[in-house]
J.: 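Structure below; questions to follow.
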Amino acid sequence: MKVSIFNTMSRSIEQFEPLSADTVRMYCCGPTVYNFAHIGNLRTYVFEDILRKTLEYAGYRVEHVMNVTDVGHLTDDADDGIDKMVKSSQEMGKDVYEIARFYTDAFFKDIDELNIARPTVTCHATEHIGDMIELIKRLEKNGHTYFAGGNVYFSIDTFPQYGNLAKLNLEDLRSGARINVDPNKRNPKDFVLWFTNSKFERQAMLWDSPWGIGYPGWHIECSAMSMKYLGESFDIHCGGIDHIPVHHTNEIAQSEAATGKQWVSYWVHGEFLINDTGKMSKSKGSFLTLQLLKEKGFDPVDYRYFCLGGHYRSQLQFSWDSMQSARNARLNLFQRIVSLRKETKDQNIKNLGAAEKYVQLFENHMAQDMNAPRALAELWSMLKDPELAATEKLAGALRMDSILSLGLKNISIDTDEDEIPQEILDLVEERRIAKVQKNYARADQLRAIVEKAGYQLKDTPENSIVVRICNQMHK
RNA sequence: GGUGCCGUACCCAAGUGGUAAGGGACAGGUCUGCAAAACCUCUAUGCACCGGUUCGAAUCCGGUCGGCACCUCCA
């Protein structure tokens, strides 16, 4: 299986070829842990997981590195504002490291619940300050930095390819630059590598460095850590689309200026999740978390399914209606798997047989820039094809799920018949008698009572089955 | 103001020149005392609008209207 992927650098779909034959080295920008991740953030991690699993499906071993930014980033401009970590710690009255720990744990809980594979390496910025300092020293030696107003800056004029990724037109940008530019900058697009002097109200995290006590600029961690774990040149770097113009642009500049080599081969970016107010952000008051979805009765996997319904490079419109339809779809899908399991009990489900052609189509769609919506459609077509045997459908579905990761292999046929209270069973028995006596008015009345108690009755030719209504959504 | 993306059925959403995937919802059917569940079937001669290129356009070109994103921390 040959994988093709859209490379932001060339703005075109390219055939993927890793630097080394069978290993893919991939770096993903991780969370800044001063708050909970919202479902828009989470969409990006779902997409990265799909990318990783598609590559693994194609036979590659994937070294997947993700950073956790536990050093403060600034609230607004790179020269002003309150450190986000400090701000959050002030609000919660906790130590900055406690805050980072708390939100890091919350983040990985979300990741796990979404069936996103953990990175092979997770690296924390605060544990790599030394690596960042070494990188800045290297840049200094190569003449790409200058010291002004207490801070070390990267000079973009020493790096002619600056802005290639974002296709930035530097002339235009310069003329349209904001008013409050840091007067120490030689070029408005220069950025800080190391701060010893900032306008922070309070700075909780400080480290010693050749330039004085301070803290690193916010782009340097990704360069330093990715090169530490993946080498000076690696295959894939991904993140949200918003990182193209500033963060990734600056990362490229400082990385390649330091090594003199091409840093990353493929840049892969995921689009935003949008709701009726536009981009999801806390300031707009539309900060939806996975926790909130759960409180509303959704399973985290419903959200994963929802994400798979749209292509990763298209904006995806979130609404509660869409979320509901994703849940229904997922429930229907699970129901089909349960039926197949029952039908194929004790049978060998290893062979794809006639499901092969659907798996083939599925692979093609995933291999062609990860067209998950198309791939999902193949899953449905396969399940609905009357020509296929149940074992073949099940084998095909499980194969596809190695990328989709909806948890199909964990679905058991023991439909959790957890204890139904005796009083409910008594009502059911009373209804059975009423039915035998053809007292249907009484039977309907009893069913209404049972339903009100949260149970649903399903009459079959033999007997009546009772299920807890709210249990169904979680299976 | 500058740059880019998008506008497909009731909703979400694929589809970049060859005659509109898929899911949800709705409706109908089988089944049922009636339901529920399950299963089956159906839903765009048309892809914002206008004009053009072409044997052929949702797909290419021009224009109009509308939406979104980026240019500033942001997945």
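Owing to the predicted nature of the structure, the values given are computational and were not obtained by experimental measurement. Labels below follow one simple rule: chain letters A, B, ... track the order of the sequence lines, proteins then strands, and each chain is numbered from 1.
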J.: Quick check on RNA chain B: between A:D321 and A:E378, whose nearest nucleotide comes earlier from the 5' end?
T.: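 The 5'-side residue here is A:D321.
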J.: On a whole-Å scale, what distance lies between the C1' atoms belonging to B:G15 and B:C26?
T.: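 Comparing C1' positions in B:G15 and B:C26 gives a spacing of 25 Å.
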J.: Take atom CE of A:M382 and atom P of B:G23, then tell me their distance rounded to the nearest Å.
T.: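 Distance, rounded to whole Å: 13 Å.
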J.: Using nucleotides 25-30 of chain B, report all nitrogen or oxygen pairs with the protein that are shorter than 3.5 Å.
T.:
| unit_1 | atom_1 | unit_2 | atom_2 | d |
| --- | --- | --- | --- | --- |
| B:A25 | OP1 | A:N328 | ND2 | 3.2 |

J.: Rounding to an integer number of angstrom, what distance separates B:A35 and B:C68 when you compare their C1' atoms?
T.: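 Approximately 46 Å lies between the C1' atom of B:A35 and that of B:C68.
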J.: For B:A21 versus B:U8, give the span between their C1' atoms, rounded off to a whole number of Å.
T.: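 Roughly 12 Å separates the two C1' atoms.
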J.: Taking the same atom, P, in B:G51 and in B:A44, what whole-Å distance lies between them?
T.: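 These two P atoms come out 25 Å apart once rounded.
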J.: Check the distance between B:C12's P and A:W320's CH2 and give it to me in whole angstrom.
T.: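 So the CH2-P distance, A:W320 to B:C12, works out to 16 Å.
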J.: For A:F362, enumerate each residue passing the ring pair (Phe, Tyr, Trp, His ring centres under 6.0 Å) test, keeping only those at least two apart in sequence or located in another chain.
T.: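 Partners of A:F362 by the ring pair (Phe, Tyr, Trp, His ring centres under 6.0 Å) criterion come out as none, since no residue qualifies.
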J.: I'd like the C1' distance from B:A20 over to B:C31, given in whole Å.
T.: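 Going atom to atom, C1' in each nucleotide, I get 34 Å.
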J.: Strictly below 4.0 Å: does A:K384 bring a side-chain N or O up to OP1 or OP2 of B:G23?
T.: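 Yes, within the criterion.
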J.: Tell me: CD1 of A:I13 to C1' of B:U16, nearest whole Å?
T.: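 Whole-Å distance recorded here is 10 Å.
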J.: Starting at the 5' end of RNA chain B and moving along, which residue's nearest nucleotide shows up first, A:G270 or A:A441?
T.: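 Here A:A441 is the residue nearer the 5' end.
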J.: Between A:N41 and A:H38 (side chain of the first, backbone of the second, donor and acceptor by atom type, cut-off under 3.5 Å), is there such a pair?
T.: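 Present.
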J.: Rounded to whole Å, please give me the gap between OH in A:Y103 and C1' in B:C74.
T.: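 Distance, rounded to whole Å: 16 Å.
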J.: With sugar-phosphate meaning primed atoms plus P, OP1 and OP2, does A:S322 contact a base, only sugar-phosphate, or nothing at under 4.0 Å between heavy atoms?
T.: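 Counting heavy atoms under 4.0 Å across all strands, the contact made by A:S322 is with sugar-phosphate only.
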J.: Just call it for A:A377: base, sugar-phosphate, or nothing, with non-hydrogen atoms closer than 4.0 Å on any strand.
T.: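 Base, at least one base atom sits under 4.0 Å.
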J.: Is there a donor-acceptor contact under 3.5 Å from the side chain of A:S322 to the main chain of A:F318?
T.: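 Between the backbone of A:F318 and the side chain of A:S322 there is no qualifying donor-acceptor contact (under 3.5 Å).
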J.: Could you work out which one of B:A75, B:G22, B:A38 sits closest to the side chain of A:Q335?
T.: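 Within the option list, the nearest is B:A38.
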J.: Between atom CZ in A:R327 and atom C1' in B:C12, what is the gap in whole Å?
T.: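 Going from A:R327 (CZ) to B:C12 (C1'), I get 16 Å.
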J.: Return the set of residues passing ring pair (Phe, Tyr, Trp, His ring centres under 6.0 Å) with A:Y266 (not counting sequence neighbours), or none when no residue passes.
T.: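 For A:Y266 the ring pair (Phe, Tyr, Trp, His ring centres under 6.0 Å) partners, ignoring immediate neighbours, are A:F16.
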J.: Between B:G24 atom C1' and A:L331 atom CG, what is the distance in whole Å?
T.: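 Nearest whole value for this atom pair: 12 Å.
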J.: Select one nucleotide: of B:C68, B:G33, B:A75, the one nearest the side-chain heavy atoms of A:I274.
T.: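 The answer is B:C68.
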J.: Evaluate whether the aromatic ring of A:W380 and the six-membered ring of the B:G22 base sit under 5.5 Å apart, centre to centre, with an inclination under 30°.
T.: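 Here the ring of A:W380 and the base of B:G22 are not stacked, as the 5.5 Å and 30° limits are not both satisfied.
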J.: Under the 3.5 angstrom rule, does the side chain of A:N197 hit a backbone N or O of A:N151 as a donor-acceptor pair?
T.: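 Checked: no pair found.
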J.: Sequence neighbours left out, what pairs pass salt bridge (Lys or Arg N to Asp or Glu O under 4.0 Å) with at least one residue falling in residues 309-321 of chain A?
T.: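 As it turns out, the salt bridge (Lys or Arg N to Asp or Glu O under 4.0 Å) pairs with a partner in residues 309-321 of chain A, which skip direct neighbours, are A:R313-A:D369.
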J.: What's touching nucleotides 13-15 of chain B from the protein side, N or O pairs under 3.5 Å?
T.:
| unit_1 | atom_1 | unit_2 | atom_2 | d |
| --- | --- | --- | --- | --- |
| B:A13 | OP1 | A:Q317 | N | 3.0 |
| B:A13 | O2' | A:G309 | O | 3.2 |
| B:A14 | OP1 | A:H311 | N | 2.9 |
| B:A14 | OP1 | A:S314 | OG | 3.4 |
| B:A14 | O3' | A:N371 | ND2 | 3.3 |
| B:A14 | O2' | A:R374 | NE | 3.2 |
| B:G15 | OP1 | A:N371 | ND2 | 3.2 |

J.: Quick one: list whatever passes side chain to side chain donor-acceptor pair (under 3.5 Å) with A:S381, sequence neighbours left out.
T.: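 With neighbours one apart ignored, the set is empty.
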J.: Using only atom types and a distance under 3.5 Å, with no angle test, would you say the side chain of A:R341 pairs donor to acceptor with the backbone of A:I411?
T.: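 Side chain of A:R341 to backbone of A:I411: a pair is present.
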J.: Can you tell me the distance, in whole Å, between the OH atom of A:Y303 and the P atom of B:G23?
T.: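 Distance, rounded to whole Å: 22 Å.
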J.: For A:H243, which contact category applies under a 4.0 Å heavy-atom criterion: base, sugar-phosphate, or nothing?
T.: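 Sugar-phosphate, no base atom in range.
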J.: Applying ring pair (Phe, Tyr, Trp, His ring centres under 6.0 Å), name anything that partners A:W267, two or more places apart in sequence or on another chain.
T.: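 Result, ring pair (Phe, Tyr, Trp, His ring centres under 6.0 Å) vs A:W267: A:H237, A:H248, A:W263.
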J.: So, does A:D401 use its side chain to make a donor-acceptor pair with the main chain of A:L406 at under 3.5 Å?
T.: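 Checked: pair present.
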J.: Quote, to the nearest angstrom, the P distance that separates B:C73 from B:U59.
T.: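 The answer is 38 Å between these two P atoms.
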J.: Considering residues at least two apart in sequence or located in another chain, which fulfil the side chain to side chain donor-acceptor pair (under 3.5 Å) criterion with A:S223?
T.: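 Listed in chain order: A:Q254, A:S255.
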J.: Just checking A:R336: base, sugar-phosphate only, or nothing, at a heavy-atom cut-off of under 4.0 Å?
T.: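 Sugar-phosphate only.
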J.: Considering only atom P, compute the distance from B:C49 to B:G28 and round it to an integer number of Å.
T.: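 It works out to 31 Å between them.
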J.: Any idea which of B:A69, B:C34, B:C74 is nearest the A:R431 side chain?
T.: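 Nearest to the side-chain atoms of A:R431, counting from C-beta on, is B:C34.
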J.: According to salt bridge (Lys or Arg N to Asp or Glu O under 4.0 Å), does anything in residues 354-367 of chain A pair up with another residue at least two apart or in another chain? List the pairs.
T.: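 Output for this query is empty, none listed.
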J.: Nearest whole Å is fine: how far is B:C68 P from A:I241 CD1?
T.: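 In whole Å, B:C68 P lies 16 Å from A:I241 CD1.
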J.: In this structure, which stretches of RNA chain B are paired as stems of three or more consecutive Watson-Crick or G-U pairs, both distances less than 3.5 Å?
T.: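 In RNA chain B, stems of three or more pairs: B:1-7 with B:65-71, B:10-12 with B:22-24, B:27-30 with B:38-41, B:48-52 with B:60-64.
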J.: Once hydrogens and angles are ignored, does a donor-acceptor distance under 3.5 Å link the base of B:A36 to the side chain of A:R447?
T.: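 A donor-acceptor contact between them is absent.
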J.: Does A:F272 have any ring pair (Phe, Tyr, Trp, His ring centres under 6.0 Å) partners at least two apart in sequence or in another chain, and if so, which?
T.: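 For A:F272 there are no ring pair (Phe, Tyr, Trp, His ring centres under 6.0 Å) partners, ignoring immediate neighbours.
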J.: With sequence neighbours excluded, tell me which residues meet side chain to side chain donor-acceptor pair (under 3.5 Å) with A:Y45.
T.: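 Per chain and number, A:Y45 pairs via side chain to side chain donor-acceptor pair (under 3.5 Å) with no residue.
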J.: If the P atom of B:C40 is compared with that of B:G23, how far apart are they to the nearest Å?
T.: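 Nearest-Å result for B:C40 against B:G23 at atom P: 10 Å.
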